[in-house]
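Notes follow once the structure below has been shown.
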Protein chains: 2
Amino acid sequence: MTVSRVLRDKGYVSKNVTEKVLKAAEEIGYVRNNLAGSFAEQSTNLIGVVIPSLSNSVFTEVLSGFEDVIHESSLQIAISVSHYDQQREFNLVKDMLAWRPAGIVLTGMEHDERTRNLLKQNNVNTIELIDVDGQPISKCVGLSHRSAAEAMASHLIENGHTRFGYVGSALQVDERAKKRKIAFEQKLADNGLKIERTALSPEPSSMLLGRQLTAEILQDNCQPIALYYSNDDMAAGGLLHCTSQGISIPKDVAIASFNGLEFLDAMPMRITTFKSPRYEIGQIAGRYMLGEIDDRITQLSGELLIGDTT
Amino acid sequence: MTVSRVLRDKGYVSKNVTEKVLKAAEEIGYVRNNLAGSFAEQSTNLIGVVIPSLSNSVFTEVLSGFEDVIHESSLQIAISVSHYDQQREFNLVKDMLAWRPAGIVLTGMEHDERTRNLLKQNNVNTIELIDVDGQPISKCVGLSHRSAAEAMASHLIENGHTRFGYVGSALQVDERAKKRKIAFEQKLADNGLKIERTALSPEPSSMLLGRQLTAEILQDNCQPIALYYSNDDMAAGGLLHCTSQGISIPKDVAIASFNGLEFLDAMPMRITTFKSPRYEIGQIAGRYMLGEIDDRITQLSGELLIGDTT
DNA sequence: CTGTTAGCGCTTTCAA
DNA sequence: TTGAAAGCGCTAACAG
């Protein structure tokens, strides 16, 4: 017990003994056994985080903000990847719960019903990231993808665009992109307008795919048209297609997207997009974990970035 | 015990009892306590991974490959971020060892001596990623940054370049970039050449920084010159500076870099770079973890990508 | 300030 | 095929 007290710096131990214990621990290279310790304490400092993918910088930027806040505390982050699969997410959450984590962080508001039940029944401190359009299991922080899409639709309408196309990828798994598309269409409808053409692919988004789908959607000369993309990668591909074809932007083809990723700075033209506050979402999630925020929902606003393509 | 057997599907239990147990577990929403279980087993399925940063896609791409291999097994990944700080890395490794992980994954070959000792003494299955120029603690997989830089130097020399500049960032913490710079200089020296100008910054690399440092290095008209950059972000910024200034590429300024990141596809010109096999490194690290590889060192080659800028 | 006792929930081993 | 006993290394609670 005395050793335990010294090592945890808890309770009173004489200076003399403290030194001896510390020295001995150093000598034998003692490493605490968290399995035993946390087991005895019936709690851990682990936070289970589930994100859809590690190769989409949207999620790693959020993670980065989360980590920057968390890493000053004694909490540890354990990351799992759901590959956009709610069934897999459920299994991951179940596995994580077995470690009795201090908290769970999920991406998005759409989950398997069993996941929600599991988390609620076990009364786990849960935070959902990136989206706020829905009922959180416990807490959530993000932006309204509906509002973001509406803002973009309004911007295009105000700029006098009357014909619209949509270019998207992986909508069957990307719930946020799906919400944006629906809200965009709705806003157009409110103004007596509609999406005339759509190019979709189940593949993950990429510049190459954006380029291909844009070529497809423009093949029968429907210009002038304003294209709304599911995200920046797709839109960047679209821009490359247009410039290579000598298509006038934004006169013949306008380009608008979502995310506001940094790589857009590399493009020859500034693409109009909607910047999602990714790093900030992560930071706030971190502060939720540290108990610094109580609100059930934190809605961040994001920002419409008007570039040269609309 | 019978319950334990059913839940782990281990040993013989009658069908009748098995069903009853499974049903009861389902009803009460039983979740195994890994703290108790792993404690009793004296082992875990956790793999501790330490990477320098989550906001550098080099590391998340490696992680992605690692995860893709690992996630078919029963192993779990716990990620920590060292912020390029060896002291912090040591603390993270120590914290991870407290969980008695099935393995540890580190980035690079340069670590605090205490980290190496800790890992060796505890006989932990350790894998070092991305670099192979050095003595691994246990196993490592990566590419030779020396060779990559030498290949680029040779390419530039063969193309007739005779004057050289170097643009880099964060060399005090980026050991791989440092190795590349040294090897590049050495190769030049072997050919009676040298780096005439250097622009360095302690800031993390970014396109903006690359742009600024390139402006700086070119301010007193030293063209023609071949610039070697610490990585793609910096080089992309350099390219943007040159195109905006109407500088002829590669005639007046040649640009060469390292990594071969995907965002280069967005650039108006294909930058000459050296593609590091990031995803593959992660995959192989995963196979190391699963015990599918025994070699102490796996050296991957990478690829010189000759673009329009050299 | 130091020590004793009991127990965390599971698994390994042995016995029936 | 099932069960009983013991123990993993630590900490909370209490006693001295």
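Residue numbering restarts at 1 for every chain, and letters A, B, ... go by the order of the sequence lines. Atoms considered below: every heavy atom in the structure, side chains included; atoms not considered: hydrogens, waters and symmetry mates.
- Here the CD atom belonging to B/Glu280 is positioned 13.0 Å from the CD atom belonging to B/Glu61, to the nearest 0.5 angstrom.
- At a cut-off of 3.5 Å, with distance as the only test, no side-chain donor of B/Tyr288 or B/Asp294 sits close to an acceptor on the other residue.
- Listed by chain and residue number, A/Lys178 satisfy the salt bridge (Lys or Arg N to Asp or Glu O under 4.0 Å) test with A/Glu175 (two or more places apart in sequence, or in another chain).
- Taking CD1 from B/Ile70 and CD from B/Gln283, the interatomic distance works out to 11.0 Å, rounded to the nearest 0.5 Å.
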Would you be so kind as to tabulate the donor-acceptor pairs closer than 3.5 Å made by side chains of residues 131-143 of chain B, with sequence neighbours excluded?
residue: B/Asp131; atom: OD1; partner: B/Asp133; partner atom: N; Å: 3.0
residue: B/Asp131; atom: OD2; partner: B/Lys179; partner atom: NZ; Å: 2.4
residue: B/Asp133; atom: OD1; partner: B/Ser144; partner atom: OG; Å: 3.1
residue: B/Asp133; atom: OD2; partner: B/Ser144; partner atom: OG; Å: 3.4
residue: B/Asp133; atom: OD2; partner: B/His145; partner atom: N; Å: 3.2
residue: B/Asp133; atom: OD2; partner: B/Arg146; partner atom: N; Å: 3.2
residue: B/Ser138; atom: OG; partner: B/Thr126; partner atom: O; Å: 3.3

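- For DNA chain D, the neighbouring residues in residues 15-29 of chain B, judged by any heavy atom under 4.0 Å, are B/Val17.
- Nearest-nucleotide assignment on DNA chain D puts the 5′-proximal partner with B/Tyr12, out of B/Tyr12 and B/Gln42.
- Between A/Asn259 and A/Ser276, the side chains place a donor N or O and an acceptor N or O closer than 3.5 Å (distance only, hydrogens not considered).
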- Task: Let me have a per-nucleotide readout for nucleotides 10-16 of chain C, 5' to 3', with B, S or -, counting only protein heavy atoms under 4.0 Å.
- Result: BBB----
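- A donor-acceptor contact closer than 3.5 angstrom links the side chains of B/Ser205 and B/Asn231.
- Contact between the side-chain N/O atoms of A/Ser14 and the OP1/OP2 oxygens of C/dC1 is not found at any separation under 4.0 Å.
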List the atom pairs, with distances to 0.1 Å, where a side-chain N or O of residues 11-20 of chain B and a protein N or O form a donor-acceptor pair under 3.5 Å, not counting sequence neighbours.
residue: B/Ser14; atom: OG; partner: B/Val17; partner atom: N; Å: 3.3
residue: B/Thr18; atom: OG1; partner: B/Ser14; partner atom: O; Å: 2.8

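- Under the stacking definition used here (centres under 5.5 Å, planes under 30°), the residue A/Phe39 qualifies as stacked on the base of C/dC8.
- Residues that satisfy the salt bridge (Lys or Arg N to Asp or Glu O under 4.0 Å) test with B/Asp295, not counting sequence neighbours, are absent from this structure.
- Contacts of B/Ser43 classified as side-chain contact (heavy atoms from CB on, under 4.5 Å), with partners at least two apart in sequence or in another chain: B/Glu41.
- Counting only Watson-Crick or G-U wobble pairs whose defining distances are both under 3.5 Å, the stems of 3 or more consecutive pairs in DNA chain D are C:1-16 with D:1-16.
- Sorted by first and then second residue, the ring-ring contact (aromatic ring centres under 6.0 Å, His included) pairs involving residues 60-88 of chain A (not counting sequence neighbours) are A/His71-B/His83, A/His83-B/His71.
- For A/Phe39, the ring-ring contact (aromatic ring centres under 6.0 Å, His included) partners at least two apart in sequence or on another chain are B/Phe39.
- With sequence neighbours excluded, no residue satisfies salt bridge (Lys or Arg N to Asp or Glu O under 4.0 Å) with B/Arg8.
- Protein chain B contacts DNA chain D over a range whose 5' and 3' limits, counting nucleotides with an atom under 4.0 angstrom from a non-hydrogen atom, are D/dT1 to D/dG9.
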